[in-house]
Amino acid sequence: MADDAGTQLFHRSMPFTERLGIEVLEHGPELVRSRIAWDETLCTLGGALHGGVLMALADSTAAVCAFLNLPEGAQATTTVESKTNFLRAVRSGHAEASSRPLHAGRSFIVVETEVRDDAGKLVAKVTQTQAVR
Ligand SMILES: CC(C)(COP(=O)(O)OP(=O)(O)OC[C@H]1O[C@@H](n2cnc3c(N)ncnc32)[C@H](O)[C@@H]1OP(=O)(O)O)[C@@H](O)C(=O)NCCC(=O)NCCSC(=O)Cc1ccccc1
C-alpha cells in the first residue's frame, strides 16, 4: 500500500526521487520502505535496471531513515560513504528498498538497505554512512 505522506516527503526533500518515480510504502525511524518500477528508460544494455538507479533508490531511502534518527539539535545528514553489492539483475516488476538504522550516533548514522525484487529475492545490499549536520 502506498504511503502518500512519505512519498511527498521524498519528493519535496529529494526532487530526484520524483523524476525517477520512486514511491514510498512505509516510513518510520526503524524501517523505511520504497520502490521503483522497472522501466526500459532506467536500464542498462540488456534490460537490467541500471546500478545507479538501484543506488539512488537505496540512498534516498536510507537518507530518510537517517533523517528520522537524527539526534536532538541536528538538522540534516549527508552521505559520506556508500558500499553496494549488486547480487541479482531486475528485468521486470519493481525493486523495493528497505532501510534500517544500524547505528545512530551524534556524529554518524549508519544505515543498512536491502533491495529486493517482486519475488522477494535479494537484488542489492547497501551499507552507507551519513554524517550528522
Ligand atoms: C550475474 C551475477 C553478476 C553473478 O551471479 P552470482 O553472484 O554468481 O549468483 P547466482 O549464480 O546465484 O545467480 C544469481 C542470478 O543471476 C543469474 N545469472 C548468474 N550468472 C549469470 C550469467 N552469466 N548471465 C546471466 N545471468 C546470470 C542467475 O540465473 C541467477 O538467477 P536465478 O536464480 O536463476 O533466477 C549476479 O550477481 C547479478 O546479476 N548481479 C546484478 C548485476 C546488475 O544488475 N548490476 C546493475 C547493472 S550494471 C550497471 O548498471 C553498472 C553500474 C553499476 C553501479 C553504478 C553505475 C553503473
Side-chain angles (χ1 to χ4, degrees):
M1 201 170 65
D3 170 355
D4 293 337
T7 300
Q8 282 170 23
L9 172 67
F10 268 49
H11 292 180
R12 206 173 50 244
S13 57
M14 300 170 288
F16 185 42
T17 61
E18 183 169 13
R19 174 81 179 255
L20 286 175
I22 291 174
E23 175 190 32
V24 179
L25 303 172
E26 178 178 353
H27 76 289
E30 295 306 318
L31 175 64
V32 182
R33 290 194 303 126
S34 73
R35 69 178 186 173
I36 191 167
W38 180 94
D39 185 284
E40 63 183 350
T41 63
L42 300 178
C43 289
T44 187
L45 205 62
L49 271 185
H50 194 280
V53 170
L54 296 174
M55 291 175 84
L57 174 72
D59 183 76
S60 310
T61 309
V64 170
C65 183
F67 181 75
L68 295 175
N69 282 279
L70 280 177
E72 211 175 307
Q75 293 178 344
T77 67
T78 190
T79 307
V80 293
E81 194 274 342
S82 185
K83 157 94 167 82
T84 303
N85 274 298
F86 298 105
L87 304 170
R88 175 177 292 272
V90 178
R91 299 185 190 283
S92 64
H94 301 85
E96 181 178 317
S98 298
S99 295
R100 294 179 172 83
L102 180 68
H103 167 80
R106 282 171 296 174
S107 306
F108 294 104
I109 297 173
V110 180
V111 180
E112 290 197 323
T113 301
E114 291 183 356
V115 182
R116 294 183 181 271
D117 63 17
D118 283 346
K121 292 194 168 173
L122 189 63
V123 163
K125 176 75 197 298
V126 182
T127 304
Q128 63 175 217
T129 304
Q130 305 243 351
V132 174
R133 303 177 73 194

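What you see is a predicted model, and the numbers here were worked out from it, not measured in a lab. Remember, it's 1-based here, ligands and their atoms both numbered in the order they're listed. The analysis underlying the following values was restricted to heavy atoms, covering all of them including side chains, and did not include hydrogens, waters or symmetry mates. Positions are given from 1 along the sequence.
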**Q** Could you pull out all donor-acceptor pairs under 3.5 Å where a side-chain atom in residues 62-77 meets a protein atom, sequence neighbours excluded?
**A**
{"from": "N69", "atom 1": "ND2", "to": "P29", "atom 2": "O", "distance (Å)": "2.8"}
{"from": "N69", "atom 1": "ND2", "to": "C65", "atom 2": "O", "distance (Å)": "2.8"}
{"from": "T77", "atom 1": "OG1", "to": "Q130", "atom 2": "OE1", "distance (Å)": "2.6"}

**Q** Checking one residue: L122. Which other hydrophobic residues are in its cluster under the side-chain 4.5 Å linking rule?
**A** L87
**Q** When you check ligand 1 against the protein, what N or O pairs turn up below 3.5 Å? List the atom names and distances, or just say none.
**A**
{"from": "ligand 1", "atom 1": "31 (O)", "to": "R88", "atom 2": "NH1", "distance (Å)": "3.2"}
{"from": "ligand 1", "atom 1": "33 (O)", "to": "R88", "atom 2": "NH1", "distance (Å)": "3.3"}
{"from": "ligand 1", "atom 1": "33 (O)", "to": "R88", "atom 2": "NH2", "distance (Å)": "3.2"}
{"from": "ligand 1", "atom 1": "35 (O)", "to": "R88", "atom 2": "NH1", "distance (Å)": "3.1"}
{"from": "ligand 1", "atom 1": "37 (O)", "to": "L87", "atom 2": "O", "distance (Å)": "2.9"}
{"from": "ligand 1", "atom 1": "39 (O)", "to": "A89", "atom 2": "N", "distance (Å)": "3.4"}
{"from": "ligand 1", "atom 1": "40 (N)", "to": "F86", "atom 2": "O", "distance (Å)": "3.3"}
{"from": "ligand 1", "atom 1": "40 (N)", "to": "R88", "atom 2": "N", "distance (Å)": "3.2"}
{"from": "ligand 1", "atom 1": "50 (O)", "to": "G51", "atom 2": "N", "distance (Å)": "2.5"}

**Q** Pick one: which of R33, R35, R116 meets salt bridge (Lys or Arg N to Asp or Glu O under 4.0 Å) with E96?
**A** R33
**Q** Does either side chain, that of S82 or that of D59, offer a donor lying less than 3.5 Å from an acceptor on the other one?
**A** no
**Q** Do any pairs count as a side-chain hydrogen bond (donor to acceptor under 3.5 Å, both in side chains) and have a residue in residues 3-16, sequence neighbours left out, and if so which ones?
**A** D3-H27
**Q** If you compare all heavy atoms of A97 against all heavy atoms of T61, which two are closest, and at what distance to 0.1 Å?
**A** CB-OG1, 3.8 Å
